[in-house]
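Comments concern the structure below.
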Amino acid sequence: MSNVLVITSNPEPASLTDAVGEAFAAGARGSGAQAEVLDLYEVGFNPVYSAEDRAHYLGRAPMPDDVVPIQSKLADADVIALVFPVYWYTMPAMVKGFFDRVICRGFAYDAATGKPLALAGKTVRVIALTGGARQWYESDGIDAALRNQICAQTFTKYCGVDDVDLVYVDNLSMGDDDPAKRAAAALQLERITALGASLV
């Protein structure tokens, strides 16, 4: 049985970000997988890279205690989905802190050799929620930058993840109750449910 971990990041508990994460997990469960949603805000994750993180990076201290349980969940997962809104053309600070502190030396890759470790061979989907259309992100070079930074450099080069892709939930309007907008969002949730089902 496949094990799926969905990591969400949005300070609003009933956000569309959370709905997308739950939809991905529901699709995976519908195909027989075990799926867990980990909300970085709900668990009180601290994204600030600290002196303790730096000491670990330099090989002078163990992994920070608050990072270890999240790393354990990542290591146990076959499929990982990261779900977050795009702020100023990139990931929010909470997600950047997740990369800085969790996807780190001694876990994601070996400090001495650079060899991929715990995430090698896994399936990863990065699901970005955007106000603009996917086509606009592609035409203005933002899509290429996100794919290079997150998919190619971080996950493939350092972590040994070959099956990684960036997926959009786009054209969103915060707080818009227009029926057409809500219907369009519902269709995107159905698409994400199908995506979750297809990867297990």
Side-chain angles (χ1 to χ4, degrees), residues 5-25 27 37-41 45 47-49 74 79-104 108-109 116 119 122-199:
L5 179 65
V6 182
I7 298 172
T8 63
S9 176
N10 194 304
E12 184 181 341
S15 67
L16 185 57
T17 303
D18 290 326
V20 169
E22 291 292 349
F24 189 97
V37 178
L38 177 68
D39 182 332
L40 293 177
Y41 281 90
F45 176 69
V48 178
Y49 188 84
L74 287 166
V79 177
I80 299 164
L82 298 176
V83 187
F84 57 84
V86 171
Y87 294 163
W88 283 112
Y89 317 115
T90 189
M91 66 187 80
M94 181 69 90
V95 179
K96 182 59 167 66
F98 170 81
F99 278 97
D100 291 345
R101 300 194 63 223
V102 180
I103 310 297
C104 64
Y109 65 96
L119 303 180
K122 298 184 185 297
T123 297
V124 175
R125 291 298 178 268
V126 179
I127 305 176
L129 284 77
T130 66
R134 173 181 55 82
Q135 292 83 355
W136 180 82
Y137 280 78
E138 292 172 344
S139 66
D140 276 39
I142 300 161
D143 174 78
L146 290 170
R147 288 181 186 278
N148 183 46
Q149 176 189 357
I150 301 173
C151 299
Q153 299 298 325
T154 300
F155 280 115
T156 300
K157 180 179 177 180
Y158 273 92
C159 301
V161 176
D162 294 319
D163 187 359
V164 55
D165 195 15
L166 174 64
V167 178
Y168 289 91
V169 175
D170 62 347
N171 282 317
L172 302 174
S173 299
M174 290 186 297
D176 193 338
D177 287 330
D178 176 74
K181 289 281 189 180
R182 294 183 72 85
L187 285 175
Q188 296 208 66
L189 288 176
E190 290 180 14
R191 178 173 58 87
I192 295 300
T193 302
L195 177 63
S198 72
L199 295 175

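As a basis for the values below, the full set of heavy atoms in this structure was taken, side chains included, without hydrogen atoms, waters or symmetry mates.
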Side chains of L82 and I127, heavy atoms from C-beta outward: is any pair under 4.5 Å? no

So P11 and Y41, do their side chains get closer than 4.5 Å, heavy atoms only? yes

Which is it for Q149 and T90 under the side chain to side chain contact (heavy atoms under 4.5 Å, CB included) test, yes or no, and what are the steps along the way? CA-CA 10 Å; Q149 176 189 357; T90 189; 4.1 Å; yes

Looking at side-chain heavy atoms only, is the closest gap between I192 and V167 below 4.5 Å? yes

When every non-hydrogen atom of T156 is compared with those of A152, the smallest separation belongs to CB-O, 3.4 Å

Is there side-chain contact between F45 and V102, with at least one heavy-atom pair below 4.5 Å? yes

Side chains of R134 and D143, heavy atoms from C-beta outward: is any pair under 4.5 Å? no

Is it the case that the side chain of S198 and the backbone of L195 share a donor-acceptor pair, with hydrogens and angles ignored and the cut-off at 3.5 Å? yes

Looking at every heavy atom in both V161 and K122, which two are closest together, and how far apart are they? CG1-O, 3.3 Å

Say you draw a straight line from CG of L172 to CG of L129; how long is it, rounded to the nearest 0.5 Å? 5.5 Å

Got L38 and V6 here, is their nearest side-chain heavy-atom distance under 4.5 Å? no

Is there a side chain to side chain donor-acceptor pair (under 3.5 Å) between D170 and T130? Walk through the geometry before answering. CA-CA 5 Å; D170 62 347; T130 66; 5.2 Å; no

Closer than 4.0 angstrom, basic N to acidic O: yes or no for R125 and D163? yes

For the atom pair CG (D18) and OG1 (T8), what is the distance rounded to the nearest 0.5 Å? 4.5 Å

Gap between atom CZ of F155 and atom CG of L166 - 0.5 Å precision: 11.0 Å

Rounded to the nearest 0.5 angstrom, the SG-NZ distance for C159 and K157 is 12.0 Å

Residues A23 and L189: closest non-hydrogen pair is CB-O, 3.8 Å

Could you tell me the separation between the CD1 atom of I80 and the CG atom of L5, rounded to the nearest 0.5 Å? 6.5 Å

Heavy-atom count check: over 12 atoms from other residues, nucleotides or ligands less than 6.0 Å from Y158 OH? no

Inter-residue atom distance E22.CD - L16.CG, 0.5 Å rounding: 12.0 Å

In terms of heavy-atom contacts, Q188 and Y168 come closest through OE1-O, 3.9 Å

Could you tell me if the side chain of V83 sits less than 4.5 Å from the side chain of N10, heavy atoms only? no

Ignoring hydrogens, what is the shortest heavy-atom contact between Y89 and L146? Give both atom names and the distance. O-CD2, 3.8 Å

Minimum heavy-atom distance between A93 and P47, given as atom pair plus value: O-CB, 3.8 Å

Side chain to side chain, F24 and L199, heavy atoms closer than 4.5 Å: yes

